[in-house]
Amino acid sequence: MRNVYLDYSATTPVKDEVLQEMIPYFTQNFGNPSSLYTPGLTAKEGLAEARRRVASLIGAEPGEIYFTSCGTEADNWVLEAIADKMKDKGRHIITSKIEHHAILHTCKYLEKFGFDVTYLDVDEEGFVQPEALKDAMRDDTVLVSIMAVNNEIGTVQPIKELAAIAKAGGAYFHTDTVQAVGNIPIDVRELGVDFLSMSAHKIYGPKGVGALYKRKGIQMPNFMHGGAQENKKRAGTENTAGIVGFGKAAEIAGRDLEEHRAHSSELREYLWEQIKDRIPEIKLNGPADFSRRHPGNLNVSFSYVEGESVLLLLDMKGISVSTGSACSSKSLATSHVLDAIGVPPAKSNGAIRFTVGDFTTKEDIDYTVECLTEVITKLRELSPVNDAKGW
Amino acid sequence: MALYNDTVMDHFLNPHNVGEIENPDGKGIYGSPVCGDMMMVTLSVDENEVITDAKFKTYGCGSAIASSSMATDMIKGMKVEEALEVSNEKIVEELGGLPAIKIHCSVLAEHAIKNAIYDYAQTHGKTYAGLEGYVPNTDPDEDDEEEGFEEEQFSDEKK
């Protein structure tokens, strides 16, 4: 059976070039980077090179990059640390309704400590309106956090404009770029952001590594306490091999960005054209203008069917996709992103997210569309719901 | 490695009793696409009050479809009174278990069948102890939650 992986937004395979650079750090260069003898220094140099590469990908200086265990840790760190640092100056945070749970759940946590969080509405394609941010800014606003690219519907936010509004209002600006780096050009100086989160495993690097960019000069409390690693800001023995892998993945992502974008968007557009031609009664979720969308993302609602059944039947054919909703939990837990862009529950329950990536081929798409057409037809025959009955 | 056991997967991939009986003796609907699952059951019942045929159409996840298939298998050949005893626990047992967060999917089948039997009783002038005080309802929100205990859920985090 053919295996077609179309969930590159969930995670990506580690590229061979990346793996090859990592391997020596498990065996030969295994020293603790904090040790003062040669094996330690070799490992330390591996970290330094990785830091230069990751910094270079986003236009930062190496000293502004702090490695973490994942993107979620970077998100938690910046929110909690800025809240702690600024609590006597102001307790208002602004974010959007379509952020990743790493942001939303951390904001909920901060609410317990007296923080007031504004969750900005987005338009029907998922865009945060700069005017809405302007209106939400208050004297006590200390932090604005808006993701650069949405993980479900691929919306690319106007980060530069949003960051400028936060700055003008005297607040720090953070952006979660876990889905953005390696997929759209990101330059911290050009964007004018203070903090930025990223993750290695979304850009063909290993799992278990992320990073926080912190603009030079900003003081901020630690999240992990202990040793002097990461310029005394993030304690814990470094995941040397993982960080080295992140560095290589970042180098490749920067080097091949345009090629990656062209390849992804071409196949994504081909997938959409084919689905549109073959399957009736569907709805595109997220930006219709694909130039304002993650290059590999497609999110489609198929009327009269439920996402998990589609996922399972495609899985039986070797195809991996993700559901736009979460019937994996309770019956009413629809996607907070699709809810926020006004997709009615009956449509968001039938939403599927496809993300193509570097290893996707045109043949993969042809096979997927073939199987998808069959699966949707089968489930629609099984469904008591149809247009005639008014659903 | 699969999300469900082999019995559940088999009923999901090759569901039994799919369709809609023409001129059924009883018809029941439960749930809606808004809630994430919906089932329609049609029944043929003979003069001895035996369910001679049952068919379903279901909108929902893998376990909703598997539960529908299993439940209709179970009630075929049963006396109407016996079919009223088919609880969601029994459906889950026959399926060899469902993940805790999916137990509510089997409630769908229990209610849709009950609604179909209620319809049969109303249109055929029958009364059953198992229907005493039963108010047919198509909206799960208005019924008591009968879900399995809530585990710490790791599954709803979208990446």
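Chain letters run A, B, ... following the sequence lines, proteins first, then strands; residues in each count from 1.
- For the residue pair A/His100 and A/Asn151, no side-chain donor N or O sits within less than 3.5 Å of a side-chain acceptor on the partner.
- Relative orientation of the A/His101 and A/His336 rings is tilted, given thresholds of 30° and 60° on the angle between their planes.
- By the 4.0 Å N-to-carboxylate-O rule, A/Glu308 lies close enough to B/Lys102 to be salt-bridged with it.
- The salt bridge (Lys or Arg N to Asp or Glu O under 4.0 Å) contacts involving residues 120-136 of chain B comprise B/Glu49-B/Lys126, where partners must be two or more places apart or lie in separate chains.
- Within residues 5-17 of chain B, the residues having any heavy atom closer than 4.5 Å to a heavy atom of chain A are B/Met9, B/Phe12, B/Leu13, B/Pro15, listed by residue number.
- Taking the six-membered ring where the residue is Trp, A/His260 and A/Tyr204 present perpendicular rings, their angle passing 60° and hence far from 30°.
- With chain B as the partner, the residue from A/Val337, A/Leu312, A/Leu379 showing the most heavy-atom pairs under 4.5 Å is A/Leu312.
- One finds a salt bridge joining A/Asp7 and A/Arg353 here, because a Lys/Arg side-chain nitrogen approaches an Asp/Glu carboxylate oxygen to under 4.0 Å.
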